[in-house]
Undergrad: 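After the structure tokens below, expect a handful of questions from me.
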Amino acid sequence: MSDLLSETVNDLLAGSPGVDTGWDPGLWARLADLGLTGIGVPEERGGAGGTLADAAVVARACGYHAAPVPYADHAFVAVRALTAAGIPLPDGPLTAAFAPPGWTVAADGTASGVLRGVPWGRHAAGVAVIAAEEDAGAIRVALLDPALVRVSAGVNTGGEPRDDLAVEGAPVAEAVRGVAVRGVAVRDMRARAALARAVAITGAARRVLDLTVRYAGEREQFGRPIGRFQAVQQELAELAGAVEQAEAMADLAVALADESADAAWAAAAAAKVGAGRAAGIAVATGHQVHGAIGFTQEHALHTFTRRLLAWRDEYGAEGVWSAELGDLVAAGGSEGLWRLLTSGGVHA
Amino acid sequence: MGDDGALRAEVRDFLRTCRDDGVFEPVCDSWLRGHSPRFSRMLGERGWLGMTWPKEYGGHERTAAERFVVIEELLAAGAPVAAHWIADRQTGPLLLRFGTEEQRRTVLPGIARGEVFAAIGMSEPDSGSDLASIRTRAERDGAGWRVTGRKIWTSHAHRSHYAVTLVRTAPRSEDRHAGLSQFLIDLSSPGIEIRPIKILTGEEHFTEVVLDGVYVPDERVVGTVGGGWAQVMAELAYERSGPERFLSTYPLVAAHADAAATLPDAARADLGDLVARLWALRTMSVGVTGMLQRGESPNTRAALIKDMGTALERESIETVRRAWTHPGAPAVPAELGGLLAEAQLAAPAFTLRGGTNEILRGVVARSLGVR
């Protein structure tokens with residue numbers, strides 16, 4: 001199932017032109033036609049059903065092809081939050097934002113505050129705003145229509161839309177008041193967002209590996225392909241290892257996403273740490289092996305390395321998640337650590 | 001998701017009882033340093049050796065996943081599993097795959113009982129990473145062979161019954177991988193001299209094995225004469241793919257986790273980073289176990305995991321050490337200090353044994369298509 005899905009999505013994305021335009025509504029429409037944007041939405045609510053593992057296949061392929069669509073934000077975060085809250089999903093790409101300090105919703109249903117760096121904010125059909133409830137184990141989800149707020153367009157290091165949305169007490173849609181969701185904490189949704197980036201990173205890092213291996217086989221110096229030199233081979237092997245390690249942890253975190261909140265959270269944290277590390281190695285090694293041509297925008301490499309640099313910092317860099325994971329391990333001691341490490345079971 | 005709960009709990013109960021009864025103290029690198037025939041027999045009695053092998057050879061027909069649960073629990077506890085480790089990990093599987101019926105019936109039941117141990121006869125004084133350059137040679141003698149040469153860095157040969165030994169049965173030719181064969185050599189045979197070699201810790205687990213015209217009957221040839229290279233590569237997949245390639249320092253990491261609440265924030269963040277990598281490697285290792293179960297030969301993935309796992313083992317020692325030697329760090333708990341000291345002396349071997357990390361990365365590079 002996932003092999004067939006992967007093949008379908010990769011075929012579609014490989015045939016889509018214009019990888020660095022920031023937003024491709026035509027591509028989004030084609031993903032929607034295939035039912036891929038409805039993954040994670042229950043079938044009785046007009047969705048395609050499917051699991052997070054299916055969404056991960058698509059998100060990884062989007063990373064591999066640097067697809068200019070907010071798929072990971074849509075499927076991993078926005079759909080999850082809005083579906084849990086029972087809020088009907090508007091048609092079109094959805095994105096998500098975490099309510100900043102000072103975010104307020106007045107009694108009349110109007111909200112105030114600035115949502116910073118919202119992925120594809122200006123292009124989204126709706127923004128799922130996730131706020132903490134007073135009860136720490138719950139969130140309040142609101143749906144915001146970006147057409148009704150002031151948008152300051154921005155981009156991340158990879159050239160993807162990251163927009164500031166200023167919501168200044170304007171009369172906005174009723175749904176902005178929000179729906180409380182019990183049993184899901186803000187930390188769970190943060191981990192889900194980090195996992196979305198981790199999965200995308202595994203796609204882009206795998207692409208950098210493929211590009212770099214190909215280049216090392218083609219580029220000749222001293223009368224032979226540079227990939228014949230052991231020094232280059234060792235670098236490539238290290239990169240391959242980092243990519244596989246990141247893929248394995250991201251896959252496990254996806255598989256554990258609906259398990260106990262602690263295991264799901266910790267696995268997502270570990271996935272973001274591993275993906276961030278792989279991103280750093282992919283950027284450094286990819287550029288080192290490509291030499292000067294890779295340092296230009298005349299070569300495709302930058303499309304992926306610039307995104308990797310952005311994604312490894314978004315929703316928490318390695319240092320953030322390492323610190324939180326370290327705190328969890330220190331609190332649980334060796335018993336807790338071993339329970340964590342073996343929580344994926346052995347499914348050989 | 002953990003459908004391995006009952007078996008895991010059984011192993012953990014057993015290990016707890018053993019520790020309470022003073023059967024063993026946890027050590028790092030216990031799969032090479034913790035040599036205890038008594039403990040091996042205890043595992044054999046419980047059916048935790050030869051777990052995946054057919055019952056007719058003394059095995060228990062459990063799944064590779066069940067075996068993984070047992071061995072990862074043993075390693076995490078730092079239990080003394082060295083006596084049987086190589087026999088259970090690679091000698092048995094090698095004989096099941098390439099051995100004769102008679103070899104299996106003779107050797108496997110004893111291994112599964114925890115009474116018969118085996119060593120690896122690959123490296124020689126002049127042949128380390130370049131294994132195909134070995135010079136130990138075998139010449140025909142009636143219904144058998146006479147073996148002459150030297151094997152070295154052979155762990156526990158002086159405490160083992162057999163050594164699966166790679167020998168040259170035909171002179172070197174243009175195909176340097178041709179003419180090699182594997183013999184199952186009885187280490188009590190006349191003409192064998194075993195000299196223990198002290199390692200950094202002062203322990204004697206390395207040996208040099210001198211073979212002087214040792215007679216090996218035809219029925220002790222493993223697989224095909226001249227087919228040794230392909231067989232030894234298959235054997236290395238068993239040797240390289242297991243969780244001992246990232247859990248050798250786990251007793252140290254566990255003791256560190258128990259004490260980490262008293263450490264500064266930066267040290268806990270380092271621990272978090274270490275745990276993230278350990279978790280990913282375990283996940284990959286579980287995946288390779290699945291490949292072995294399905295009869296695939298995961299040479300490249302095994303090389304990849306061993307490269308990263310052993311590098312992580314080495315770094316984990318530095319992570320722990322940095323945490324406890326930082327200005328303002330609390331005093332190192334005694335048990336942790338002991339584990340840290342011994343782990344540092346064990347560490348240089350992590351990235352050498354079973355194929356150096358440079359060689360492993362070469363294996364990976366070949367699979368990428370650049371070699």
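Numbers restart at 1 for each chain; the letters A, B, ... are given by sequence-line order, proteins then strands.
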Undergrad: Given the options A276(B), A267(B), A255(B), which has more heavy-atom pairs under 4.5 Å with chain A than any of the others?
TA: A276(B)
Undergrad: Quick check on the interface: out of A260(B), A257(B), A311(B), who has the most heavy-atom pairs with chain A under 4.5 Å?
TA: A257(B)
Undergrad: Where does R67(B) contact chain A at under 4.5 Å (heavy atoms): side chain, backbone, both or neither?
TA: neither
Undergrad: Could you look at L368(B) and say if it's the side chain, the backbone, both or neither that has a heavy atom under 4.5 Å from chain A?
TA: both
Undergrad: Side chain from CB out, backbone as N, CA, C, O: work out which of these in D265(B) comes under 4.5 Å of a heavy atom of chain A, or both, or neither.
TA: neither
Undergrad: Quick check on R282(B) against chain A: is it the side chain, the backbone, both or neither that has a heavy atom closer than 4.5 Å?
TA: side chain
Undergrad: Would you say that more than 12 heavy atoms from the other residues, nucleotides or ligands in this model lie under 6.0 Å from the CD of E335(B), or not?
TA: no
Undergrad: Considering only heavy atoms, give the residues of residues 277-293 of chain A separated from chain B by less than 4.5 Å, sorted numerically, with 'none' for an empty result.
TA: R277(A)
Undergrad: With a 4.5 angstrom heavy-atom cut-off, could you sort out which part of E66(B) is near chain A: side chain, backbone, both or neither?
TA: neither
Undergrad: Could you grab the distance from atom CG of L341(A) to atom CZ of F246(B), nearest 0.5 Å is fine?
TA: 8.5 Å
Undergrad: Looking at chain B, which one of A242(A), G319(A), A267(A) has the largest number of heavy-atom pairs inside 4.5 Å, strictly under?
TA: A267(A)
Undergrad: For the CD atom on E296(B), are there more than 12 heavy atoms of other groups (residues, nucleotides or ligands in this structure) within a distance under 6.0 Å?
TA: yes
Undergrad: Please identify, among V273(A), L337(A), L236(A), the residue contributing the most non-hydrogen atom pairs under 4.5 Å to chain B.
TA: L337(A)
Undergrad: Taking CZ in R228(A) as the centre, count heavy atoms belonging to other residues, nucleotides or ligands within less than 6.0 Å. Is the count above 12?
TA: no
Undergrad: Can you tell me how far CE of M284(B) sits from CE of M249(A), rounded to the nearest 0.5 angstrom?
TA: 12.0 Å
Undergrad: Could you give the distance from OG1 (T342(A)) to CZ (R8(B)), rounded to the nearest 0.5 Å?
TA: 4.5 Å
Undergrad: Pick whichever of A270(A), A263(A), G332(A) has the most heavy-atom pairs under 4.5 Å with chain B.
TA: A270(A)
Undergrad: Does the R371(B) side chain pair with the main chain of Q233(A), one donor and one acceptor, at a distance under 3.5 Å?
TA: no
Undergrad: So which atom in Y250(B) and which in S334(A) form the shortest heavy-atom distance, rounded to 0.1 Å?
TA: OH-O, 4.2 Å
Undergrad: Shortest non-hydrogen contact from L271(B) to G326(A)?
TA: CD2-O, 4.4 Å
Undergrad: For the CD atom of Q245(A) and the CG atom of L304(B), what is their distance to the nearest 0.5 Å?
TA: 8.5 Å
Undergrad: Anything in residues 211-227 of chain A with a heavy-atom distance to chain B below 4.5 Å? Please list those residues in order.
TA: V213(A), A216(A), G227(A)
Undergrad: Using heavy-atom distances under 4.5 Å, tell me whether L340(A) contacts chain B through its side chain, its backbone, both, or neither.
TA: both
Undergrad: Under a 4.5 Å heavy-atom cut-off, does chain A meet the side chain of R301(B), its backbone, both or neither?
TA: side chain
Undergrad: Between L247(B) and chain A, with a heavy-atom cut-off of 4.5 Å, which part of the residue counts as in contact: side chain, backbone, both or neither?
TA: side chain
Undergrad: Using a 3.5 Å distance criterion without hydrogens, assess whether the side chain of Q234(A) forms a donor-acceptor pair with backbone atoms of E358(B).
TA: yes
Undergrad: Under 4.5 Å heavy-atom distance to chain B, tell me which part of E244(A) shows up: side chain, backbone, both or neither.
TA: both
